Amino acid sequence: MNRNTVTFDDHTYVLSATADPVDLQRAVVESVTSGVGFVDVDVAGSKTMSVLVTDRMSVIFESEEYDEPVAFIGPESSSASHAFDLMWT
C-alpha cells in the first residue's frame, strides 16, 4: 500500500486513501501560476481542508510504500495471559 503525504511549509498531512496526489499537484501548480488561490485537500479521517497556496510557500509531496499492518492480537490470545491465575472475589 502507499501512504501519501503533503507538506505545506512546515505542516504535514496524510492524504486520504482516495485522494489523487497527481491531481493535487496540478491544483497547486495552477494556484501558484495564477499568483494565489485555495486548494482543496482530502486528508485522512474523511476531512477536507482548503489551503491558501502562494508562490512563497514550500510544498512537498511524499509517497511511501508499506506492508499491510498486522492485525492486533490482544493479550487474551497470547500465552502470557495463561501464565497467571488471578482470583477475583
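All values below come from the heavy atoms of this structure, side chains included, with hydrogens, waters and symmetry mates left out. Every value quoted in this text rests on a predicted model; they were computed, and no experiment measured them. One-based numbering along the sequence shown.
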Identify every side-chain donor-acceptor pair in residues 19-29 under 3.5 Å, counting partners at least two apart or on other chains, and give the distances.
residue, atom, partner, partner atom, Å
Asp20, OD1, Val22, N, 3.1
Asp23, OD1, Arg26, NH1, 3.2

> Taking the side chain from Thr7 and the backbone from Thr12, do they hold a donor-acceptor pair closer than 3.5 Å?
Replying inline: no
Taking only distance into account, with no hydrogens and no angle test, what donor-acceptor pairs under 3.5 Å do side-chain atoms of residues 47-62 form with protein atoms, sequence neighbours excluded?
residue, atom, partner, partner atom, Å
Thr48, OG1, Asp42, OD1, 2.9
Ser50, OG, Asp40, OD1, 2.5
Thr54, OG1, Arg56, N, 3.2

>> Nearest 0.5 angstrom please: Met1 CE to Asp67 CG, how far?
In response: 10.5 Å
> Is Leu15 close to Val6 at the side-chain level, that is, under 4.5 Å between some pair of heavy atoms?
Replying inline: yes
> Can you find a heavy atom in the side chain of Glu64 that is under 4.5 Å from one in the side chain of Asn2?
Replying inline: no
